[in-house]
Amino acid sequence: MHGHGSPRPGQPPADPHPAAPRPAPSASASPAGHGGPPVAGPSPGLVPGSVPGPRTAAGVCHGTLGELYQGPLRAGGAPDIALVSFPVDRHSWAYFTPGAGRPGALPPGEKAARAVRLFLDHFGLRLPPGHWSTHSELRVGVGMASSTADIVATLRCLFRLFALPYDQGVVTGVLAAIERADSVFLDEFALHLSARHQVVRTLGTDIGFHTAFVTEPGTVDTSAVTAPLLRHYARRASEYERCLTDLLKGFESADPAAVARAATTSATLSQQVLPKRTFARVLAHREHFGADGIFVAHTGSLIGYLFAHRPPAEAKSELSAFFHSLGHQCSFAQGGYG
């Protein structure tokens, strides 16, 4: 794992236009992830299809509060959609308890179930009798990466169940076979090509924010808006390039105020193609509340404020009253890592 602000090997320190990444490998082809070691087989002495004992195995994965950046990134000449997801301290859990139950039981959720099948096929394993249970703090369809977090939590549970060494390459390979994904499989910020499942560069763990946010009604079909997004990106290419450059500089210098300013720019650009109903009011009151910036789920329903320092109780009450006047219940959460 690279440290704060460090580019991937062979990339210049602040070049937002890397060479074309290789397509993500399939789950059955022993994927190497984003530069990790080759996929390992079952641990020595572990009989495929067996588990170490009757204990419950668990996997956990954090979600996101949308993105600090979503925009174009040139990769080999053609622009692709790049993200800097905004990790949040809210999670998805998956549990498997061996024992009573039918062999081969799958977890709830079509994508999580498919992830289990791909994992078992990859390692040549079979699930023992037992049952799955899950829990999530992540709302579905609003921009919190709930489905990706469910998949990653399920895979982490399986690695623990079968006492296999955790392999990020397997995780990214399974994700590539299922959906366009956020970078919640990492425990740091990253510039990430979601369709290619390519980590362009890791951005470290120095930046963190306190947030106040709301969820507007409705959902966005990401596949349906890809074409309009790319047209918008082409029209605003130079503005997005400046925004991304400023964001990366903010991460390199561990400057949350600079990151927050760039996130506000990205949110403002997004408003031109996928508008939020409350955006103008939220932006107009940013200085009043002393917020460092604004973030959104660019193809979701979240919008909120970024604070480099924890707002006092009085400010939280005022923020709650403001968002209530807009017809929404305010939530508070810590995002990022610093």
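Just so we're clear, the structure is a prediction, and the values are computed from it rather than from any experiment.
Aromatic ring centroids of Tyr305 and Phe295 lie 6.0 Å or more apart.
Rounding to the nearest 0.5 Å places CZ of Arg90 at 7.0 Å from CG of Leu65. For the atom pair Leu118 CG and Arg114 CZ, the distance stands at 5.5 Å (nearest 0.5 Å). Atom-to-atom distance recorded for Ile303:CD1 and Leu326:CG is 9.0 Å, nearest 0.5 angstrom. One distance of note links CG of Leu248 with CG of Asp246; it measures 9.0 Å at 0.5 Å rounding.
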Tell me, with the steps shown, if Leu73 and Leu244 meet side chain to side chain contact (heavy atoms under 4.5 Å, CB included).
CA-CA 9 Å; Leu73 184 70; Leu244 180 57; 3.7 Å; yes
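The aromatic rings of Tyr240 and Tyr233 sit perpendicular to each other, their planes meeting at more than 60°, with 30° as the lower class boundary.
Residues Phe159 and Val174 share a hydrophobic cluster, clusters being chains of Ile/Leu/Val/Met/Phe/Trp/Tyr side chains in contact below 4.5 Å. Note: the hydrophobic cluster containing Phe86 does not contain Val296 (ILVMFWY, side chain heavy atoms under 4.5 Å, direct or indirect links).
A donor-acceptor contact closer than 3.5 angstrom links the side chains of Ser266 and His298. Checking Ser85 against Asp182 by side-chain atom types alone, a donor-acceptor pair falls below 3.5 Å.
The minimum heavy-atom distance between Thr215 and Leu302, with the atom names listed, is OG1-CD2, 3.2 Å.
Counted within 6.0 Å of CZ on Arg139, heavy atoms from surrounding residues, nucleotides or ligands total 12 or fewer; the atom is thus considered open.
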